[in-house]
S.K.: 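Before I ask anything, here is the structure I am working with.
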Amino acid sequence: MKTREVFDNIHWIGVNDRETVAFEGLWNIEKEGVAYNAYIINDDKVAVIDTVKAFKANEFLDNIKEVIGDKQVDYLIVNHVEPDHSSGILALRDVYPDMAIYASKKGVDMIGNFFNVCDNVHELAEGETLPLGEHTLQFFMTPMVHWPESMVTYETKTKTLFSMDIFGSFGTVNGGIFDDENDYESYEDSINRYYACIVGKVTGQAERALNKLASIEIKTICPAHGLVWRSHPEYILNKYTSLAKCEKQEGVVIVYGTMYGNTRDAVEILANELKAQGVRNIKMYDLSRVDISYAIADIWVTKGVVLAAPSYYSKIFPKMAYMLYKLSEVKVKNNKLGFVCNYSWSCGADREFERFIEETKADVASPMVLIKSGVQPEDQEKLAVLAKDMAQAMQEA
Ligand code: FEO
């Protein structure tokens, strides 16, 4: 048995993806994997809510058969057309050709654009309902969380929210899909990383969507990724609210690039100085060794950030350039920042850091530290000043 009963006649029919290396082709999930959650309501009318990534369609179809046997699927609800949830549509429609598909107005367009599926595809309006028998579905639009067509589905009898990407996380579900079957707090890093990298850019819209959902009585949350929250929905609601507000904990995330170890030497000294200043929570990421998503996730939840990089042919170390691009894109808020540049004959990293500061209106805690090749005693003093300023910034509201 691979499916799980959420309630009488409401079943999880999702799959785990332990094969994909990079989610969206960008975010490393080699270690954690990801779950594509889908659900079925077996009522007078049978409704499937979301599909799974196409390469898992056979498993998904087997799951449907396990729940409904030879019954037909009447409706498919497409909350979100990103193909990790929608690319199973074609396989599903092959088996259930009379199935009606429902999505938001933009969703209908996008289903046509992605899959050339246009017949028997219907547009849903805000608050519209779809009766199934004992159960009734109601739909709420959540535009730009995180695509323009995104919406959520609410089941009124059990007060269950099928929330697509909202309240999701990276990480497979390992033998248990429910929060109470797992040490659910162990998913915190996966939730942070998922939010920061996937939803972070649209955090303002996410906050608006959460405010809208706050007016609905929700007892169970069934997201499209990660755990199903039936016993502790308040945990994921509070967690997402905090992430959407860009709330920070004390600490410093040091993200650095290094070619021959000199910039690494500088940040090692900086970390020692921060610790001497009483900063307990220090995380360090070498951009040549770690996917940037881990650093972005920690930056999202941590107040202090130091970016350190060498120059590279009068520009910034390319991996730091990518980091700056992503940080600019997600518009991280409420951080205190410090910067360290290293150069050998002509600097360039400093100009790109300055441009980043100007564009993002970054709250800089201390003057930029410039180091010429090896770390000299006077550089150690500058790093000590940076550490002191960062530690002081932690104390500010
Ligand atoms: Fe899980 Fe935005 O797709």
Side-chain angles (χ1 to χ4, degrees), residues 12-30 32-39 48-57 59-60 76-90 92 101 103-104 106-111 113-115 139-153 161-173 177 187 190-210 213 221-229 236 239-240 243-244 293 296-297 300 326 329-330:
W12 178 89
I13 50 170
V15 299
N16 280 317
D17 178 356
R18 303 180 192 278
E19 293 86 357
T20 298
V21 170
F23 189 84
E24 292 184 337
L26 291 169
W27 318 108
N28 187 286
I29 53 169
E30 280 175 298
E32 294 161 278
V34 70
Y36 308 122
N37 296 335
Y39 304 90
V48 169
I49 300 176
D50 294 319
T51 71
V52 301
K53 205 170 172 184
F55 85 106
K56 290 283 180 179
E59 196 176 328
F60 171 63
L76 169 65
I77 311 302
V78 181
N79 280 328
H80 181 25
V81 188
E82 190 164 9
D84 53 333
H85 308 294
S86 69
S87 56
I89 287 177
L90 292 172
L92 189 63
I101 298 176
S104 67
K106 281 197 168 63
V108 169
D109 285 345
M110 293 171 90
I111 290 167
N113 295 340
F114 268 106
F115 309 111
F139 308 98
F140 298 97
M141 304 300 139
T142 56
M144 290 315 299
V145 191
H146 64 105
W147 278 19
E149 89 304 354
S150 300
M151 65 173 206
V152 297
T153 298
L161 183 72
F162 300 94
S163 62
M164 55 105 202
D165 282 347
I166 305 174
F167 307 122
S169 78
F170 289 132
T172 50
V173 286
I177 64 164
Y187 278 76
S190 299
I191 294 168
N192 291 346
R193 194 164 73 96
Y194 179 84
Y195 186 92
C197 297
I198 308 301
V199 186
K201 179 171 169 50
V202 291
T203 198
Q205 287 95 328
E207 199 174 358
R208 278 198 284 284
L210 291 169
L213 298 178
I221 296 175
C222 294
H225 300 292
L227 298 176
V228 171
W229 302 87
I236 195 70
K239 181 73 194 161
Y240 257 67
L243 290 166
S293 59
I296 290 170
W300 197 275
K326 287 311 297 183
E329 188 191 67
V330 298

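Just follow the structure's listing: the first ligand is 1, and inside any ligand the first atom is 1.
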S.K.: When you compare the side chains of Glu82 and His146, does any donor N or O come within less than 3.5 Å of an acceptor on the partner?
M.R.: yes

S.K.: Distance check below 2.8 Å: does His85 bring an N, O or S atom to atom 2 (Fe) of ligand 1?
M.R.: no

S.K.: Can you label the angle between the His85 ring and the His80 ring as parallel, tilted or perpendicular, going by 30° and 60°?
M.R.: tilted

S.K.: Of all the N, O or S atoms in His146, which has the shortest distance to atom 2 (Fe) of ligand 1?
M.R.: NE2

S.K.: Specify which N/O/S atom of Asp84 comes nearest to atom 1 (Fe) of ligand 1, by atom name.
M.R.: OD2

S.K.: With atom 2 (Fe) of ligand 1 as the point of reference, which N/O/S atom of His80 is the closest?
M.R.: NE2

S.K.: Tell me which N, O or S atom of Glu82 sits nearest to atom 2 (Fe) of ligand 1.
M.R.: OE1

S.K.: Are the side chain of Ser86 and the backbone of Val81 linked by a donor-acceptor contact shorter than 3.5 Å?
M.R.: yes

S.K.: When you measure from atom 2 (Fe) of ligand 1 to each N, O or S atom of Asp165, which atom gives the shortest distance?
M.R.: OD2

S.K.: Does a side chain donor of either Asn37 or Trp12 reach within less than 3.5 Å of an acceptor in the other side chain?
M.R.: yes

S.K.: Using a 3.5 Å distance criterion without hydrogens, assess whether the side chain of Ser104 forms a donor-acceptor pair with backbone atoms of Gly107.
M.R.: yes

S.K.: Asp50 side chain to Asn79 main-chain N or O, any donor-acceptor pair under 3.5 Å?
M.R.: yes

S.K.: Which atom name would you report as the N, O or S atom of His225 nearest atom 1 (Fe) of ligand 1?
M.R.: NE2

